[in-house]
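Counting starts at 1 for both ligands and their atoms, following the listed order.
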Amino acid sequence: MEDIMIELKKNVSEKRYIHILGVIDSADELAEKFSVSKERARLAAIFHDYAKGMSKKNMLEFSKANKLDFDDIEYGNKELMHGKIARHIAQNNYNVNDNDVLNAIEFHTTGRKKMSELEKLICLADYIEKNRDYPGVDKIRNLVDIDYNLALYTAFNGTIIHLIDENKIVHTRTVEARNYLLSILNEKGVCV
Ligand code: DGI
Ligand code: FE
Ligand code: FE
């Protein structure tokens, strides 16, 4: 783990490294709530933004060299490419072979329908880690203790509203993740 952290630090900015440390702490704290092992939660957190420091040009070259497939919405969008690249690095350079951990890394930005508990945990840890400061973050933090699906649903709604405000393309997975969480809340009779 120490070796991974040294390599990680070389690949991302100081600010990004501090964010990742925050996500590791949050993932650790959330593990019990999600019935996920702390080790797997921490491992996914460590790698989730590993590729965040790459330039768009490097991302495109890396993807070509390693035959990574992106859909039309993802291709050329750094925000939507860094998860899959991080997954590839974790799997190929660090021998991470836990598929759920790899999926949590790949899908941490958009989420997806039927996402696993570990995938949800990493998305949520990314939204609420202690260094995050955006409008609505405290509301999401407060919802975690009430219902973590409601907290993540609220977080996705915030992202989607923000993307629409900024005239950005909302990836279909982001919408599907939001709808999936809403269906869980409806099934459980949680008021939204
Ligand atoms: O990498 P982080 O900054 O820690 O967080 P992230 O990976 O969750 O999100 C990175 C960015 O991706 C964030 O500014 C919002 C953006 N994003 C999330 N979902 C979508 C998206 N951008 C587009 N265009 N479409 C999406 O569906
Ligand atoms: Fe990210
Ligand atoms: Fe992140």
Report summary line: In short, I20 meets I46 closest at the heavy-atom pair CG2-O, 3.8 Å
Report task. Under 4.0 Å from a heavy atom of H82: give me the atoms of ligand 1 that qualify, with their elements. Result -> 1 (O), 7 (O)
Report task. Test R112 against every option in E119, E176, H171 by the side chain to side chain donor-acceptor pair (under 3.5 Å) rule and name the one that passes. Result -> E119
Query raised in the report: Would Y134 and H162 count as a close aromatic pair, with their ring centres under 6.0 Å?
Result: no
Query raised in the report: Heavy-atom distance from atom 27 (O) of ligand 1 to the protein below 4.0 Å?
Result: yes
Query raised in the report: Looking at atom 18 (C) of ligand 1, would you say a protein heavy atom lies below 4.0 Å from it?
Result: yes
Query raised in the report: At the Fe ion (ligand 2), what angle lies between atom NE2 of H108 and atom NE2 of H82, rounded to 10 degrees?
Result: 90°
**Report entry** Any N, O or S atom of D49 closer than 2.8 Å to the Fe ion (ligand 3)
**Finding:** yes
Query raised in the report: Does H108, backbone or side chain, put an N or O under 3.5 Å from an N or O of ligand 1?
Result: yes
Query raised in the report: Among T110, T174, I169, I20, which residue places a heavy atom closest to atom 25 (N) of ligand 1?
Result: I169
Requested in this report: Give yes or no for whether the N/O distance cutoff of 3.5 Å, strictly under, is met between H19 and ligand 1.
Outcome: yes
**Report entry** Nearest protein heavy atom under 4.0 Å from atom 10 (C) of ligand 1, yes or no
**Finding:** yes
Query raised in the report: D126: which N/O/S atom is nearest the Fe ion (ligand 3)?
Result: OD1
Query - Side-chain heavy atoms of L150 within contact of T154, under 4.5 Å - result: yes
Report task. Kindly indicate, with the supporting measurements, whether the criterion side-chain contact (heavy atoms from CB on, under 4.5 Å) is fulfilled by L60 and K56. Result -> CA-CA 6 Å; L60 294 173; K56 181 168 153 181; 4.2 Å; yes
Query raised in the report: Relative to ligand 1, is V23 under 4.0 angstrom through side chain, backbone, both or neither, heavy atoms considered?
Result: neither
Report task. Within a distance under 4.0 Å of any heavy atom of E79, pick out the atoms of ligand 1 and give their elements. Result -> 10 (C), 11 (C), 12 (O)
Requested in this report: For T159 and Y127, test the side chains for any donor-to-acceptor distance below 3.5 angstrom and give the result as yes or no.
Outcome: yes
Query raised in the report: Is the charged tip of K33 near the ring of Y148: under 6.0 Å from the six-membered ring centre and within 45° of its axis?
Result: no
**Report entry** Reference residue H19; test side-chain contact (heavy atoms from CB on, under 4.5 Å); the match among K52, K130, E14, H48
**Finding:** H48
Requested in this report: For N77, counting its heavy atoms only, list the atoms of ligand 1 lying under 4.0 Å from any of them.
Outcome: 24 (N)
Query raised in the report: Evaluating non-hydrogen atoms only, which member of T172, V170, T109, V175 is closest to atom 7 (O) of ligand 1?
Result: T109
Query - atom 22 (N) of ligand 1 - nearest protein heavy atom and its distance - result: L163 CD2, 3.5 Å
Query raised in the report: Salt-bridged, E74 to R173, with N to O below 4.0 Å?
Result: yes
Requested in this report: With heavy atoms of H171 as the reference, note each atom of ligand 1 found under 4.0 Å away.
Outcome: 25 (N), 26 (C), 27 (O)
Query - Side chain, backbone, both or neither: R132 near ligand 1, heavy atoms under 4.0 Å - result: side chain
Report summary line: Within 4.0 Å of some non-hydrogen atom of D126, the atoms of ligand 1 are 4 (O), 5 (O), 6 (P), 7 (O), 8 (O)
Requested in this report: Start with the C-alpha distance between N142 and K139, add both sets of side-chain angles, then the distance that settles side-chain contact (heavy atoms from CB on, under 4.5 Å), and finish with yes or no.
Outcome: CA-CA 5 Å; N142 290 333; K139 185 182 167 194; 5.6 Å; no
Query - Identified side-chain contact (heavy atoms from CB on, under 4.5 Å) counterpart of T174 within the set T109, I73, I160, I169 - result: I160
Query raised in the report: Going by an N to O cut-off under 4.0 Å, is there a salt bridge joining E117 and K120?
Result: yes
Query raised in the report: So, do N179 and K113 sit near enough that their side-chain heavy atoms are less than 4.5 Å apart?
Result: no
**Report entry** Per-atom contacts of ligand 1 with K52, taking only distances under 4.0 Å to non-hydrogen atoms
**Finding:** 1 (O), 2 (P), 3 (O), 10 (C)
Query raised in the report: Checking only N/O/S atoms, does H48 have one that is under 2.8 Å from the Fe ion (ligand 3)?
Result: yes
**Report entry** Interfacing atoms of ligand 1 (cut-off 4.0 Å, heavy-atom, R16)
**Finding:** 1 (O), 2 (P), 3 (O), 4 (O)
